[in-house]
There are 2 protein chains.
Amino acid sequence: MDAQLRRGVLDVCVLATIKSEDSYGYKIIKDLRPILELSESTLYTILKRLEEGKMLVVRSTEFEGRLRKYYHITELGLKRIEDFKNEWKELMGIYSFIEEV
Amino acid sequence: MDAQLRRGVLDVCVLATIKSEDSYGYKIIKDLRPILELSESTLYTILKRLEEGKMLVVRSTEFEGRLRKYYHITELGLKRIEDFKNEWKELMGIYSFIEEV
DNA sequence: ATATATACTTCGTGATATGATGTATAGCGT
DNA sequence: ACGCTATACATCATATCACGAAGTATATAT
């Protein structure tokens, strides 16, 4: 898929993945695999940005000797998803224009 | 609308605008206004990129003493629009995921 | 005269995705 | 014992991109 088009959904995809249950980096990538392929460097960049934007909070734990950081969505994160759904409607209008012309 | 989401459709919107009839910068902006607001610097950047990507060709003319550059879509440009439509289907799948979760 | 519309150009900046590379542990097969 | 793969996160350098700001220049309306 086109790189620019991806960019528009990456953040929200990650938020959607942790919406119903807290998750951690490696698992997010695996869970998203059927929907959207993304590399570790890309994901961790996104997670960091979402954290800075207070759309999720992090809880570091230790699991079988390894570090594991669990990400939990916040109210702002949930709002971001809702906003996206509204933006999607706008985008549908734009798509119609492209299709019809 | 979210900046990232915009990016995914800007190029194709411009191509769609000149698809049925050759047009020039200032007119493209006006025609797109109801669909998508975009500044001159943004448009001319896009036009330049599309030209470099051979998705359109340019013909400079003089109109009432002023320079006017007409943009004409190429086969590659038309293909770009068709590709976008296919990518849109993929994107719909991603949206469903976001909506359902 | 002055403001507005038309028309294109260039520069600098900030945001972003991604590949490459690195660190470290657990578990499995040979 | 050794190597490989999976797990798990971190950092850096790079390339792409949208956009505001500022500039050049003409025609038309007030």
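Chain naming here is simple, since letters A, B, ... match the order of the sequence lines and numbering starts at 1 in each.
Note on A/K30: only backbone sugar-phosphate atoms sit closer than 4.0 angstrom, heavy atoms only; bases stay farther off. At a threshold of 4.0 angstrom between heavy atoms, the contacts of A/E40 include nucleobase atoms, whether or not backbone atoms are also involved. Residue contacts for B/L38: at a heavy-atom cut-off of 4.0 Å it reaches no nucleic acid atom on any strand shown.
Contacts classified as ring pair (Phe, Tyr, Trp, His ring centres under 6.0 Å) and involving residues 1-29 of chain A (residues at least two apart or in different chains) are given here: A/Y24-A/Y70.
Nucleotides of DNA chain C nearest to A/R7 and B/G25 differ in position, and the one nearer the 5' end is that of B/G25.
For A/E51 and D/dC9, the CD to P distance is 13 Å, given to the nearest whole Å. The CG-P distance, from A/L43 to D/dT7, rounds to 15 Å in whole Å. Remark: C1' of C/dA24 and OH of A/Y26 are 13 Å apart, rounded to the nearest angstrom. Summarising the geometry, the separation between CG on B/D11 and P on D/dT16 is reported as 14 Å, rounded to the nearest angstrom. Nucleotide D/dC17 holds its P atom 6 Å from the CD atom of A/Q4, rounded to whole Å. Atom CD1 of B/I29 and atom P of C/dA5 are 14 Å apart (whole Å). Separating the CD atom of B/E64 from the P atom of C/dT4 is a distance of 21 Å, rounded to the nearest angstrom. When rounded to the nearest whole Å, the span between CG of B/L47 and P of C/dT10 equals 14 Å.
Contact check, B/Y44 against C/dT9: no side-chain N or O comes under 4.0 Å of OP1 or OP2. Between A/R66 and the phosphate of C/dT23, there is no side-chain N or O to OP1/OP2 separation shorter than 4.0 Å. When the side-chain nitrogen and oxygen atoms of B/Y24 are compared with OP1 and OP2 of C/dA7, one or more of them lie within a distance under 4.0 Å. Taking 4.0 angstrom as the limit, B/R6 places none of its side-chain polar atoms (N or O) nearer than this to OP1 or OP2 of D/dC17.
Here the nucleotide nearest the side chain of A/K69, chosen from C/dC8, D/dA10, C/dG19, is D/dA10. If you check C/dA7, C/dT18, D/dC9 against the side chain of A/L67, the one that comes closest is D/dC9. For A/S41, the side-chain atoms get nearest to C/dT18 when compared with the rest of C/dT18, D/dA18, C/dT6. With C/dC8, D/dG20, D/dA18 as the candidates, the nucleotide lying closest to the side chain of B/S39 is D/dG20. Comparing atom distances between the A/R68 side chain and each of D/dC17, D/dA8, C/dA17 picks out D/dA8 as nearest. Taking the side chain of A/F63 as heavy atoms from C-beta on, and the options C/dA17, D/dA8, D/dA18, the nearest nucleotide is D/dA8.
The local environment of CD in B/E21 is sparse, with at most 12 non-hydrogen atoms from other residues, nucleotides or ligands closer than 6.0 Å.
Panel note: side chain A/T17, backbone A/I28; no donor-acceptor pair is recorded below 3.5 Å.
With salt bridges taken as basic N to acidic carboxylate O contacts below 4.0 Å, none links B/E62 and B/R66. A salt bridge links A/R49 to A/D11: at least one charged side-chain nitrogen sits closer than 4.0 Å to a carboxylate oxygen.
Of the N and O atoms on the side chains of A/T42 and A/T45, not one donor lies less than 3.5 Å from an acceptor on the other residue.
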